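Everything quoted here is computed from the prediction, not taken from an experiment.
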Amino acid sequence: MGAQQVAERFAELYGAEPEGVWAAPGRVNLIGEHTDYNDGFVMPFALPHQAVAAVSRRDDGVLRLHSEDVEGGVVELRLDALAPQTDREWTAYPAGVVWALREAGHEVTGADVHLSSTVPTGAGLSSSAALEVVIALALNDLYDLGLQRWKLARLCQRAENVYVGAPTGIMDQTASACCEPGHALFLDTRDLSQQQIPFDLVAEGLRLLVVDTRVKHAHSGGEYGKRRAGCEKGAALLGVDALRDIPYDGLDAALARLGDEEEVIRLVRHVVTEDERVERTVALLRAGDTRAIGPVLTEGHASLRDDFRISCPELDLVVDTALAAGALGARMTGGGFGGSAIVLAEAADVDTLTKAVEEAFAAADFKTPRVFEAVPSAGARRLS
């Protein structure tokens with residue numbers, strides 16, 4: 001739904017025009033998986049798919065929420081009753097942002113909200129972050145909070161970590177808040193420094209496909225948390241603040257110090273090599289050698305599959321089939337255990353690759369995948 005449609009639906013629901021309409025996108029992570037909560041490097045870019053919110057202020061301590069994408073009417077919540085991990089519905093994401101803002105001392109006295117999103121849920125494309133960021137940006141504007149984009153991302157991460165109870169890193173919210181069209185965001189998750197790296201695939205005759213396997217994943221599930229805890233254990237055993245502090249050229253020595261901690265060894269190896277893959281990708285893009293990032297993406301998938309062990313048969317089938325059909329590179333993207341894979345390809349090969357993946361899924365009796373082109377797009381913004 002466009003801004004006008006969302007505004008009109010808001011008026012139907014609440015009996016008045018909204019004070020404004022905002023949008024925040026989902027994201028694809030080009031490279032840098034499970035490095036964000038290890039103080040490492042990531043490289044996402046924003047999708048054209050976005051959450052759109054029409055919002056107005058209230059002064060009575062009430063938050064009213066409605067989504068075009070979820071069955072049911074308007075949900076009404078009292079701000080003074082908001083408490084972490086008491087809401088297991090979609091409303092936890094926008095309510096968590098309001099809670100986080102108020103916990104940080106910002107005077108938010110209520111809101112009426114109507115939402116509509118085109119970001120696929122459960123596909124590893126940050127539908128939850130888009131929902132959080134669009135609410136944060138709207139309230140930042142409406143209440144004149146004056147918060148910078150990186151600070152909004154931090155508050156949205158706190159909402160997801162504490163209020164929702166999902167132990168995610170900072171990448172998704174920062175990507176949604178800060179990405180620029182035609183660029184990938186090189187983000188240092190330790191100090192939140194950002195560099196916009198040109199990533200214009202069309203100009204080079206290339207395409208990046210997203211293949212949504214339709215296998216749902218959830219960050220609040222236990223396996224994600226186990227990987228994060230394992231990384232923290234590795235950092236503690238190695239005497240560093242975070243795995244980002246293990247240099248790539250010192251990886252073998254670090255792994256040797258871990259003795260027989262086989263699971264921790266695998267997790268550490270993935271994070272340290274993945275940080276190096278991000279830096280290599282940045283260097284290649286800056287050198288104008290975009291095609292050369294293909295093998296780096298494929299290396300990343302092997303590491304996520306074999307060391308981090310968060311792939312699944314559907315994701316592996318996308319990668320293997322695409323590479324066999326001539327893709328330049330492919331890997332799973334997102335938290336894992338389902339979701340989406342990305343495929344870097346020559347523009348002329350897109351139809352052949354798409355057909356090959358669809359036929360492979362049909363032969364394996366998997367759900368028909370959703371395949372679409374990922375175009376580096378704008379971050380969060382006010383629409384009207």
Measure the spacing between CD of E359 and NZ of K355 and express it to the nearest 0.5 Å. 5.0 Å
Taking E33 for its side chain and G335 for its backbone only, find out whether a donor-acceptor pair lies under 3.5 Å. no
Strictly below 4.0 Å, N to O, side chains only: are R244 and D275 in salt-bridge contact? no
Apply the side chain to side chain contact (heavy atoms under 4.5 Å, CB included) test between R309 and each candidate in E263, E223, R227, H270; give the one that qualifies. R227
Would you find a donor on one side and an acceptor on the other, under 3.5 Å apart, between the side chain of R190 and the backbone of G40? no
Is W150 isolated, or which residues cluster with it under the ILVMFWY side-chain rule of less than 4.5 Å, directly or via members? V42, I170, M171, L185, L187, L192
With a cut-off of 3.5 Å and sequence neighbours excluded, list every side-chain donor-acceptor pair involving residues 339-351.
{"from": "S340", "atom 1": "OG", "to": "A123", "atom 2": "O", "distance (Å)": "2.7"}
{"from": "E346", "atom 1": "OE1", "to": "R291", "atom 2": "NH2", "distance (Å)": "3.0"}
{"from": "E346", "atom 1": "OE2", "to": "R291", "atom 2": "NE", "distance (Å)": "2.8"}

I would like to know whether F308 and H34 meet ring pair (Phe, Tyr, Trp, His ring centres under 6.0 Å); could you show each step before the answer? CA-CA 9 Å; F308 231 66; H34 289 269; 4.7 Å; yes
Side-chain contact, heavy-atom cut-off 4.5 Å: E373 with V210? no
Within the side chain of E274, is there an N or O that forms a donor-acceptor pair under 3.5 Å with the backbone of G32? yes
Rounded distance [0.5 Å steps], CD in E107 versus CG in D59: 10.5 Å
For the residue pair F361 and F366, categorise the inter-ring angle as parallel (less than 30°), tilted (30 to 60°) or perpendicular (more than 60°). perpendicular
Taking the six-membered ring for Trp, are F372 and H49 closer than 6.0 Å centroid to centroid? yes
Test side-chain hydrogen bond (donor to acceptor under 3.5 Å, both in side chains), reference R27, set T333, T174, D172, output is D172
Within the distance-only criterion (no hydrogens, no angle test), does the side chain of D245 pair as donor or acceptor with the backbone N or O of A242 below 3.5 angstrom? yes
Only one of R266, R269, K233 passes salt bridge (Lys or Arg N to Asp or Glu O under 4.0 Å) with E261; say which it is. K233
Strictly by modelled atom types, are E160 and Q173 linked by a side-chain donor-acceptor pair under 3.5 Å? yes
Answer yes or no: is there a donor N or O on one side and an acceptor on the other, between the side chain of R207 and the main chain of G205, under 3.5 Å? no
